[in-house]
Amino acid sequence: MSERTLYDKIWDSHIVTRLDSGEYQLFIGLHLIHEVTTPQAFASLKEHGSKVAFPDRTVATADHITPTLSQLRPFKDDQAEAMMLALERNVDEFGVRFLNWDSGMQGIVHVIGPELGLSQPGMTIACGDSHTSTHGAMGSLGFGVGTTEVGFVLETQTIVLNRLKVHRVAVDGELGRGVFAKDVILRIIHDLGIKGGLGYAYEYAGEVIESMAMEDRMTVCNMSVEGGARIGYVNPDETTYAYLEGREFSPKGEDFDRAKEYWKSIASGPDAVYDRETVIDGRTIEPMVTWGINPGHSAGISEKLPSLGSFTGEDVKTAEQGYAHMALKPGDAIAGTKIDVAFLGSCTNSRISDLREGAKIIKGYKVNPKVKMLVVPGSQRVKARAEKEGLHEIFLEAGAEWREAGCSMCLGMNEDKLFGTERSISTSNRNFIGRQGSPRGRTHLGSPATVAASAIEGCLANPAEMAGE
Amino acid sequence: MSDEIRRISGRAIPMPGDDIDTDRITPARFLTALTFTGMEKALFCDEREHTPDHPIDNSDYKGAKFLFVGKNFGSGSSREHAPQAIKRYGIDAIVGISFAEIFAGNSQAIGMPLMTASPEDVQRLIALTQKKPKTEYTADLESLTVSWGGESVAVEMLEERRQSFLKGNWNVVAILRSNLPRVREVAEKLPYVNNFQA
């Protein structure tokens with residue numbers, strides 16, 4: 001069993017008690033809520049006649065259903081409007097801070113948590129969304145939970161968990177041209193498998209991870225859950241402290257200095273013990289794209305698609321199903337596959353650095369006339385920053401659409417969807433069947449650079465061949 | 001106590017294949033519902049539309065109490081709508097090779113036991129059910145078996161969760177609430193709750 005890791009230290013300090021069942025009741029330091037997974041939870045609170053136990057440790061925003069074309073109320077979609085009204089009523093009735101449009105701080109919950117300094121090292125963070133693992137980039141433990149559990153957190157600021165094991169995943173060396181954080185996590189999932197993380201927390205380490213900026217670490221941690229790991233984290237370091245300094249909800253002045261001491265103390269020590277360790281050589285990672293129906297179905301952009309013989313057991317059937325759904329076959333080159341839609345956004349890749357990465361590639365080019373490209377910033381802050389830098393003009397001049405903040409085309413819960421058998425290259429996190437709103441839609445996942453390069457070429461393309469021009 | 005779950009009996013629906021994600025179980029457009037009432041209608045609805053012989057629509061399995069599934073069932077999105085749809089459809093327990101963790105937590109929270117068995121035994125259950133759809137199974141949480149017609153396979157559950165069903169205390173919210181004083185004590189000791197004052 002792991003010892004003296006960040007996971008162990010945070011876990012130990014947040015245990016409320018061990019329940020009769022043997023499971024642990026764990027205190028949650030920050031509860032982030034959004035419109036989709038809360039209405040039933042607030043309903044149960046009302047049923048129990050309870051209050052929100054720690055309203056000052058609870059923060060709400062809206063992201064999943066929010067339209068990205070016009071956010072004027074009432075929303076065009078009646079159900080989305082009803083869901084927004086329910087959230088507004090609930091935060092009002094229960095006294096929860098709501099970062100709505102008027103606040104200028106609205107955005108995808110996993111973008112605004114770090115951006116506003118809400119998510120901090122040493123915290124346990126819960127949210128009714130599986131990509132809560134993102135906050136692990138801050139050196140916290142971010143747990144995605146379901147709606148009944150959202151109710152537990154509202155009512156008691158705790159959840160019930162069993163202890164995880166810890167797998168240290170080190171990426172050593174350095175990254176090549178055109179290779180980004182998204183490629184790193186797709187490669188990790190490729191190598192460890194989409195079930196490889198079941199029962200584990202992933203601790204990301206090694207030169208590549210340690211030299212990453214915070215937003216890149218968020219991209220990596222975000223997709224931990226796609227590898228089966230409920231949480232993933234990076235130990236806090238000088239990069240983390242520098243990122244946090246001066247943000248709205250970060251500690252200030254002397255508090256910040258004391259906070260830093262605490263944050264340093266919760267990092268995995270040199271004497272930490274892990275349940276499992278893996279090392280990946282960063283120099284062997286190339287731009288990755290998915291070809292199938294789960295995030296483990298991926299290949300380097302220059303590779304030929306794998307033969308069915310390279311899979312075993314049930315994975316053969318899943319691969320077969322993946323090839324059938326995606327209208328591809330083993331031995332095909334993945335580069336050159338024609339696309340209809342390019343999506344740059346989602347909690348994985350909608351931060352300012354992602355938009356810069358895409359803009360750098362696309363500057364001076366046009367989006368292929370057969371391709372519809374959507375660029376959707378992750379938050380109002382990201383949007384404002386990008387516009388200040390003129391990134392929106394680069395995208396607009398190229399022929400892309402520049403939208404308002406939200407989850408957009410990552411999942412079919414708002415107006416941004418694939419239609420029929422449209423094929424997309426997307427910076428989001430899931431290429432599941434139906435994920436982007438059309439049961440027959442086809443999704444390829446890649447980095448913002450790969451999405452931008454592919455949008456220009458009209459087919460899956462290697463950004464390394466265009467990067468930095 | 002009414003929340004005790006010791007034995008479950010009935011037919012099963014076989015859902016072979018690994019990595020069946022929650023987007024497939026309940027497509028995202030159903031997430032705009034403000035309650036879980038009627039969520040059973042969402043169950044696998046998109047793939048049922050495109051799959052003429054989908055197991056959910058096979059009348060031989062009608063009234064089933066079990067789902068038999070492969071590895072990593074319920075992966076992806078944390079949406080509780082997925083186990084809610086399964087439970088509201090009438091399923092009382094799922095037997096599989098492995099489950100995604102958030103899905104497992106959600107199923108526990110709503111009182112639907114998940115059991116795992118060896119790949120061989122799960123394949124056997126799936127094959128048998130496909131061949132003889134009307135087979136009646138009994139899952140026994142005390143003996144950790146799934147049995148039918150004089151035969152049985154061993155299943156496993158997280159011991160903590162098994163106990164919570166046997167004792168009828170899987171619905172933990174009242175217990176969590178009763179620990180609120182202790183919750184406040186733990187919070188008080190956390191540096192970030194106290195502006196990092198020593």
Side-chain angles (χ1 to χ4, degrees), chain A residues 13-14 16-17 19-23 25 27 29 36-37 39-40 43 48 53 65 79-80 82-83 86 120 122-123 128-130 144-149 151-152 155-158 160 162 194-195 198 228 230 251 255 258-259 262 294 314-315 317-318 411-413 430 432-435 437 439, chain B residues 16-19 21 23-24 27-29 31-36 46-47 49-50 70-72 75-81 83 98 100-102 105-106 108-110 119 158-161 163-164 167 169-170 172-173 175-177 179-180 182-183 186-187 189-193 195-198:
Chain A
S13 63
H14 286 72
V16 173
T17 188
L19 302 171
D20 287 346
S21 68
E23 292 178 291
Q25 184 177 3
F27 178 74
V36 173
T37 54
Q40 299 91 341
H48 302 154
I65 54 145
Q79 277 187 304
M83 195 151 240
Q120 297 169 16
M123 282 182 172
D129 188 280
S130 59
V145 298
T147 296
T148 299
E149 292 170 305
F152 295 168
E155 219 170 325
T156 70
Q157 202 66 20
T158 62
V160 180
N162 281 300
I194 59 169
K195 301 180 263 294
L198 289 178
R230 188 168 192 175
D255 286 353
R258 281 195 304 271
Y262 168 61
N294 69 53
E314 281 290 322
D315 289 345
K317 285 184 205 158
T318 312
L411 82 175
M413 276 208 76
R430 291 192 172 127
F432 295 157
I433 294 172
R435 172 73 180 183
Chain B
D18 289 351
D19 311 312
D21 59 75
D23 274 270
R24 280 172 66 186
R29 63 179 181 281
L31 272 60
T32 52
L34 293 175
T35 73
F36 289 124
D46 280 349
E47 64 175 46
E49 198 174 307
H50 296 98
K71 280 185 206 155
N72 197 28
S75 60
S77 162
S78 61
R79 62 189 69 167
E80 187 175 307
H81 308 66
S98 62
E101 269 156 42
I102 301 177
N106 286 338
Q108 174 71 21
I110 65 173
L158 275 179
E159 183 56 19
E160 295 86 351
R161 293 185 174 168
Q163 288 302 331
S164 75
K167 291 176 185 161
N169 58 10
W170 55 266
V172 291
V173 69
I175 299 166
L176 301 187
R177 223 169 24 218
N179 291 335
L180 261 172
R182 172 78 189 132
V183 173
V186 170
K189 285 194 205 128
L190 288 165
Y192 64 83
V193 176
N195 293 322
F196 304 95
Q197 306 291 337

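Throughout, a chain's letter reflects where its sequence line sits, starting with A, and its residues are numbered from 1.
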Open item on the list: Between B:Arg79 and chain A, with a heavy-atom cut-off of 4.5 Å, which part of the residue counts as in contact: side chain, backbone, both or neither?
Closed with: side chain
Open item on the list: If I compare all heavy atoms of A:Arg430 with all of B:Asp23, which pair ends up nearest, and what's the gap?
Closed with: CD-OD2, 4.3 Å
Open item on the list: Please evaluate residues B:Asp19 and A:Lys195 with respect to the criterion side-chain contact (heavy atoms from CB on, under 4.5 Å), reporting the C-alpha separation (whole Å), side-chain torsions for both, the decisive distance (0.1 Å), and the verdict.
Closed with: CA-CA 8 Å; B:Asp19 311 312; A:Lys195 301 180 263 294; 3.0 Å; yes
Open item on the list: Keeping B:Asn106 on the side-chain end and A:Gly146 on the backbone end, is there a donor-acceptor pair under 3.5 Å?
Closed with: yes
Task: Student check: side-chain heavy atoms of B:His50 and A:Pro439 closer than 4.5 Å - done: yes
Open item on the list: Counting only non-hydrogen atoms closer than 4.5 Å, does A:Gln120 touch chain B with its backbone (N, CA, C, O), its side chain (CB onward), both, or neither?
Closed with: side chain
Task: Structural part of A:Thr148 lying under 4.5 Å from a heavy atom of chain B - done: both
Task: Closest approach of B:Ala28 to A:Gly412 (non-hydrogen atoms, all atoms of both residues) - done: CB-O, 3.8 Å
Open item on the list: Out of B:Ser75, B:Ala109, B:Ser98, return the one with the most heavy atom pairs under 4.5 angstrom to chain A.
Closed with: B:Ala109
Task: For the student: nearest non-hydrogen atoms of B:Glu101 and A:Gly228, plus distance - done: OE2-O, 4.3 Å
- [ ] For residues B:Lys71 and A:Glu314, determine if any side-chain heavy atom of one lies less than 4.5 Å from a side-chain heavy atom of the other.
- [x] no
TODO: Classify the angle between the aromatic ring planes of B:Tyr192 and A:His14 as parallel (below 30°), tilted (30 to 60°) or perpendicular (above 60°).
DONE: parallel
- [ ] Mind checking the OG1-CD1 spacing from B:Thr32 to A:Ile65? Nearest 0.5 Å is all I need.
- [x] 8.0 Å
Open item on the list: A side-chain contact here means heavy atoms from C-beta on lying under 4.5 Å apart; do B:Val173 and A:His48 qualify?
Closed with: yes
Open item on the list: Heavy-atom pairs under 4.5 Å with chain B: which of A:Val160, A:Asp129, A:Leu198 has the most?
Closed with: A:Leu198
Open item on the list: Return the CG to CG distance between A:Leu19 and B:Asn179, rounded to the nearest 0.5 Å.
Closed with: 6.5 Å
Open item on the list: Under a 4.5 Å cutoff for heavy-atom pairs, which residue among A:Ile194, A:Leu411, A:Thr17, A:Asp315 has the most contacts with chain B?
Closed with: A:Ile194
Task: Which atom of A:Ser21 lies closest to which atom of B:Ser164, heavy atoms considered - done: CB-CB, 4.3 Å
Task: Closest heavy-atom pair and its distance - A:Asp255, B:Asn195 - done: OD1-O, 3.4 Å
Task: Gap between atom CD of B:Glu160 and atom CG of A:Asn162 - 0.5 Å precision - done: 4.5 Å
Open item on the list: Need one label for A:Arg230: side chain, backbone, both or neither, based on atoms under 4.5 Å from any heavy atom in chain B.
Closed with: both
Open item on the list: With a 4.5 angstrom heavy-atom cut-off, is it the side chain or the backbone of A:Glu149 that approaches chain B, or both, or neither?
Closed with: both
Open item on the list: Between B:Arg24, B:Gln163, B:Arg161, who has the most heavy-atom pairs with chain A when the cutoff is under 4.5 Å?
Closed with: B:Arg161
Open item on the list: Does any backbone or side-chain atom of B:Leu34 lie under 4.5 Å from a heavy atom of chain A? Answer side chain, backbone, both or neither.
Closed with: both
Open item on the list: For B:Leu176, which atoms come within 4.5 Å of any heavy atom of chain A: side chain, backbone, both, or neither?
Closed with: both
Task: Proximal component of A:Ala86, with respect to chain B [non-hydrogen, under 4.5 Å] - done: side chain
Task: A:Val145, part contacting chain B, at a heavy-atom distance under 4.5 Å - done: backbone
Open item on the list: Heavy-atom cut-off 4.5 Å, strictly under: side chain, backbone, both or neither for B:Leu180 against chain A?
Closed with: side chain
- [ ] Identify which of B:Val193, B:Asp21, B:Val186, B:Ile175 forms the greatest number of heavy-atom pairs closer than 4.5 Å to chain A.
- [x] B:Asp21
Task: Side chains of A:Gln25 and B:Val183 in contact at under 4.5 Å (non-hydrogen atoms) - done: yes
Open item on the list: Heavy-atom pairs under 4.5 Å with chain B - which of A:Ala43, A:Ala259, A:Gly437 has more of them than the others?
Closed with: A:Ala259
Task: Closest heavy-atom pair and its distance - A:Arg435, B:Ser77 - done: NH1-CB, 4.2 Å
